[in-house]
Amino acid sequence: MDVSVDLIAEQDALDAIVSGLSHEQWQSPTPSPGWTVADQIGHLAYFDASATLAMTDPDAFQAHRRELLASFGDARAAEDMTLGAFRAMTPDELLAAWRGGRVALAAAAESVAPDSRIEWYGPSMSKRSFLTARLMEAWAHGQDVVDAVGAVRPATDRLRHVAQLGVITRGWSYRNRGREVPDGDVRVELAAPSGDVWSWGDAAVPDSITGPAEDFCLVVTQRRHLDAARLVTTGPLAREWMECAQAFAGPATTGPAARTSRA
């Protein structure tokens with residue numbers, strides 16, 4: 001699967017939803033406390049621009065990263081830094097800014113060699129994982145928009161990228177919380193939207209996670225609590241992982257409460 005092509009398709013799918021919203025709907029509250037639909041798109045626009053900087057000027061990105069991470073001690077300062085400029089825009093201006101940033105991101109990705117490693121807010125990433133992370137962000141924040149406005153967004157096999165990222169960030173989910181990664185593998189077997197079966201890990205291990213790929217992706221991006229997902233966890237390692245899963249960079253977060261969307 002070509003992650004660059006799928007990233008653009010995922011962004012376009014969200015664009016099709018928000019481009020039809022009224023100005024009032026852009027101000028609808030989303031499951032992220034204090035964030036509107038406009039804020040979700042502003043967040044994507046900000047970090048798409050950061051991703052472009054990371055690929056085109058690594059030294060400038062590292063300086064930006066230090067400044068942003070230093071602001072995390074003050075939630076309001078961090079929010080002002082990432083969303084302030086976008087909150088001053090009209091919906092039409094914000095949509096245009098997001099679209100322009102996506103074009104710049106795609107061009108930057110084309111300029112980077114396939115074997116490059118790219119600095120980010122967590123560990124450095126391969127180009128493929130880096131673009132997968134942008135796809136995951138577009139899909140996850142798009143879910144917040146979908147939940148807020150009651151839109152319909154059919155699941156697609158682009159979710160394989162998100163599921164893959166969810167699997168490979170198992171260790172990160174623990175280390176980001178200052179916890180030891182437990183010994184032992186967890187088998188993951190997911191039903192794809194197309195009807196295929198995606199699997200990771202040794203089928204012989206006792207701990208496993210099975211269910212729809214969409215639900216796995218919702219849990220690892222902290223858009224659903226495990227108990228609100230159609231996943232079956234077998235063994236303590238499987239449930240423990242899903243309870244702390246975090247497929248995105250940044251400080252450790254707890255995700256939604258049980259039986260709700262993202263808190």
Side-chain angles (χ1 to χ4, degrees), residues 1-19 26 35 37-69 78-79 81-89 91-146 153 156-162 164-166 168-169 217 221 247-250:
M1 300 179 72
D2 188 329
V3 66
S4 297
V5 171
D6 285 348
L7 169 58
I8 292 170
E10 197 62 50
Q11 293 168 331
D12 287 345
L14 178 55
D15 193 311
I17 293 172
V18 298
S19 63
W26 277 86
W35 278 25
V37 168
D39 290 335
Q40 298 289 349
I41 301 303
H43 175 90
L44 290 175
Y46 181 88
F47 285 102
D48 283 348
S50 296
T52 299
L53 183 66
M55 288 187 284
T56 59
D57 192 340
D59 290 340
F61 171 76
Q62 290 183 41
H64 149 79
R65 179 176 61 187
R66 288 191 293 271
E67 181 182 9
L68 181 60
L69 294 181
E79 195 163 279
M81 184 177 296
T82 57
L83 292 178
F86 299 107
R87 284 176 169 167
M89 295 180 182
D92 289 343
E93 290 169 340
L94 175 53
L95 186 56
W98 179 45
R99 287 172 173 170
R102 284 153 47 192
V103 171
L105 177 64
E110 284 292 320
S111 72
V112 174
D115 61 350
S116 297
R117 292 202 65 82
I118 302 166
E119 292 295 323
W120 197 232
Y121 300 102
S124 67
M125 306 168 76
S126 69
K127 177 182 177 179
R128 180 179 178 83
S129 292
F130 188 76
L131 295 179
T132 298
R134 296 315 308 146
L135 188 154
M136 176 273 295
E137 284 275 306
W139 180 81
H141 288 280
Q143 185 64 47
D144 293 334
V145 173
V146 167
R153 184 182 60 169
T156 73
D157 276 11
R158 293 192 296 271
L159 287 175
R160 184 177 179 89
H161 300 293
V162 183
Q164 168 75 10
L165 193 61
I168 66 175
T169 52
C217 294
T221 59
F248 48 88

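Note that the structure is predicted; figures quoted are calculated from it, not measured.
- Residues Leu14 and Trp139 are not in side-chain contact: their nearest non-hydrogen atoms beyond the backbone lie 4.5 Å or more apart.
- Considering CZ of Arg102 and CG of Asp12, their distance stands at 5.5 Å, rounded to 0.5 Å.
- Taken from OG in Ser50 to CZ in Arg65, the straight-line distance is 11.5 Å, to the nearest 0.5 Å.
- Taking every heavy atom of both residues into account, Thr221 and Ala140 meet most closely at CB-CB, 3.9 Å.
- Note that OG of Ser116 and CE of Met125 are 13.5 Å apart. Values are rounded to the nearest 0.5 Å.
- Of all heavy-atom pairs between Ser4 and Leu131, the closest is OG-CD1, 3.4 Å.
- Using a 4.5 Å cut-off on side-chain heavy atoms (C-beta onward), Gln164 and Arg128 make no contact.
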Decide side chain to side chain donor-acceptor pair (under 3.5 Å) for Thr132 and Ser129; before the verdict, give the C-alpha distance in whole Å, the side-chain angles of both, and the deciding distance to 0.1 Å. CA-CA 5 Å; Thr132 298; Ser129 292; 5.6 Å; no
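- Remark: side-chain polar atoms of Thr56 are paired, donor with acceptor, to backbone N or O of Thr52 under 3.5 angstrom.
- Of all heavy-atom pairs between Ala51 and Leu105, the closest is CB-CD1, 3.7 Å.
- Checked against the 6.0 Å centroid threshold, Tyr121 and Phe61 count as a close aromatic pair.
- A 4.5 Å side-chain heavy-atom check between Glu119 and Ser124 finds at least one atom pair inside the cut-off.
- The nearest pair of heavy atoms linking Ile8 to Ala106 is CD1-CB, 4.3 Å.
- Using cut-offs of 30° and 60° on the angle between ring planes, the pair His141 and His43 is tilted.
- Between Phe86 and Asp39, every side-chain heavy-atom pair lies at or beyond the 4.5 Å cut-off.
- Note that SG of Cys217 is 9.5 Å distant from CG of Leu165, once rounded to the nearest 0.5 Å.
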Test side-chain contact (heavy atoms from CB on, under 4.5 Å) on Trp98 and Val18 and set out the steps. CA-CA 11 Å; Trp98 179 45; Val18 298; 4.0 Å; yes
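- None of Asp6, Leu44, Asp48 except one satisfies the side-chain contact (heavy atoms from CB on, under 4.5 Å) rule with Gln11; the exception is Asp48.
- A distance of 8.5 Å separates CH2 in Trp26 from CG in Asp92, rounded to the nearest 0.5 Å.
- For the salt bridge (Lys or Arg N to Asp or Glu O under 4.0 Å) test, residues two or more places apart in sequence or in another chain that qualify with Glu10 are Arg153, Arg158.
- Interatomic distance, OG1 of Thr82 versus CD of Glu79, reported as 6.5 Å (0.5 Å rounding).
- Ring geometry for Tyr46 against His64 counts as tilted: the plane angle lies between 30° and 60°, on a 0 to 90° scale.
- A heavy-atom distance below 4.5 Å is found between the side chains of Arg134 and Phe47.
- The shortest non-hydrogen separation linking Ala247 to Gly166 is CB-CA, 4.1 Å.
- Looking at every heavy atom in both residues, Ala88 comes nearest to Glu93 through O-OE1, 4.4 Å.
- Lys127 places no side-chain N or O within donor-acceptor distance of the main-chain N or O of Arg117, the cut-off being under 3.5 Å.
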